[in-house]
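Okay, so here's the structure we're looking at.
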Protein chains: 2
Amino acid sequence: MTNTVQKRTLKTRAKLLDAARQVVEEMGYPGLRTEEVVKRAGTAKGTFFAHFPDKDGLLDHLIGADMDGILDQMQAKTRPQTVQDLIDSLMPLVRYMGSERAVFDVIIRRSGAAAIEDIGPIAVTFERQFTLFSEWMRTPRFRQDVAPELLAEGIQAFVVQAIALNFCALHNTLDLPDRLGPYLEAWLTPGPPT
Amino acid sequence: MTNTVQKRTLKTRAKLLDAARQVVEEMGYPGLRTEEVVKRAGTAKGTFFAHFPDKDGLLDHLIGADMDGILDQMQAKTRPQTVQDLIDSLMPLVRYMGSERAVFDVIIRRSGAAAIEDIGPIAVTFERQFTLFSEWMRTPRFRQDVAPELLAEGIQAFVVQAIALNFCALHNTLDLPDRLGPYLEAWLTPGPPT
DNA sequence: ATTAGATATTGACCATGGTCATTTTTGGTG
DNA sequence: CACCAAAAATGACCATGGTCAATATCTAAT
């Protein structure tokens, strides 16, 4: 019994991803149509859905790859020493996540998965974030009364909150770093307790 | 020039909402089809979209109404005095928000709006939450070094985070209140600073 | 080189959300 | 009551994501 991935599979997948990037470039995420992707890739529609479970699956790959690149940059830097430092380090990721409503929506939808087998690239980057942030928190510069992992999850929560509020007409008065600042100050370097 | 809302408008809208509730009852949110709603309401499809901007708009109303009811209950209670107390008060809302993936997704998508004019029922309940939580935070039982409003936004962020992780295969090991506990302890009653 | 079975591709087809020009109903006015 | 303009309802139609039985292609074994 053969059970190999054929070479053309990788080629076709690459063609689809390239075509998709091109379409996003030209029409933006809201203008992305599977028909158009398939047309440019020179494949049939069915091929698309043999490679990706659905349109979200494609977006997951495109956006996940971008996020992975940003995380590479972040990982190359030294551990942030202050909250301001942390925000500076976070901003590339935060700006990307909040760059478009369509992007943010996909990221939120795919940041976790109901089953292990459909964990996609974005969900993987969230695990990477978690690991990286946990590592960053292992310093006396930030509060020591709770585990670094908990602090890391909190950072993720506040990043999402800040971006979400920034998309909201009632709350988009503040710039992203200005919104993130108070959250993270309060979370990571709390003042005197009551 | 007449410029009034006709009586039948309200009737039709009520029929649509009733029909929708019925369909959700029978098939759940994932099984909700506009065709089915319209059929049961005895109207044409176009009528549906004259009353709601899109399917999400209908869900916004259904879910927003539920959340409003829960907030009524919460508002009737006295101000929570401890984190555990707070969690108990929050749980009805949290359980509802996390009851189904489909419900959570709509809530997240509609918790804010890009333009004032398309703020829907769910977005309104998020403002209500914010006001209520801010009020709850006006007590020396919780940390005093940051504004109650900031604490309130943090509570919202952690509620969303807890529910999101609970839907994720990699993280759904903890029960919701057990996940929320550490977050809110750390957020509202931080230990000795570094 | 042939063949068999696994793997990949195809495109007609379906399901469903959403549109809009047309028709019907409403309620105020002379 | 008859009339009219605004408001509401209609349903054929469109756009687009997704399916699947049929077909083509690959690869390994002989």
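- Note: NZ (Lys45(A)) to C1' (dC20(D)) measures 14 Å, nearest angstrom.
- In this structure, Lys7(B) places its NZ atom 9 Å from P of dG28(C), rounding to the nearest Å.
- The pair Arg21(B)-Asp66(B) meets the salt-bridge criterion, with a side-chain N (NZ, NE, NH1 or NH2) lying under 4.0 Å from an Asp/Glu carboxylate O.
- Within the structure, the ring pair (Phe, Tyr, Trp, His ring centres under 6.0 Å) test picks out no pair touching residues 64-83 of chain A (sequence neighbours left out).
- Here Gln73(A) pairs with nothing under the side-chain hydrogen bond (donor to acceptor under 3.5 Å, both in side chains) rule; sequence neighbours left out.
- Residues that satisfy the salt bridge (charged side-chain N to carboxylate O under 4.0 Å, His left out) test with Arg40(A), not counting sequence neighbours, are Glu26(A), Glu36(A).
- Here Leu10(A) sits alone; no ILVMFWY side chain lies under 4.5 Å from its own, so it joins no hydrophobic cluster.
- Applying the ring pair (Phe, Tyr, Trp, His ring centres under 6.0 Å) test to every pair with at least one member in residues 57-97 of chain B, sequence neighbours left out, gives these pairs: Phe52(B)-His61(B).
- For the segment residues 25-42 of chain A, the set of residues with a heavy atom within less than 4.0 Å of an atom of DNA chain D comprises Leu32(A), Arg33(A), Thr34(A), in numerical order.
- Of the residues in residues 46-58 of chain B, Gly46(B), Phe49(B), Asp54(B), Lys55(B) come within less than 4.0 Å of DNA chain C through at least one heavy atom, sorted by number.
- Between Thr9(A) and the phosphate of dT7(C), there is no side-chain N or O to OP1/OP2 separation shorter than 4.0 Å.
- The nucleotide whose nearest atom lies closest to any side-chain atom of Thr12(B) is, among dT27(D), dA9(D), dG17(C), dA9(D).
- Partners of Asp68(B) according to the side-chain hydrogen bond (donor to acceptor under 3.5 Å, both in side chains) rule, which considers only residues two or more places apart in sequence or in another chain, are Arg128(B).
- In this structure, the side-chain hydrogen bond (donor to acceptor under 3.5 Å, both in side chains) partners of Arg109(A), at least two apart in sequence or on a different chain, are Asp56(A).
- Each of dT10(D), dC26(D), dT26(C) was ranked by its minimum atom distance to the side chain of Gln6(B); first place goes to dT26(C).
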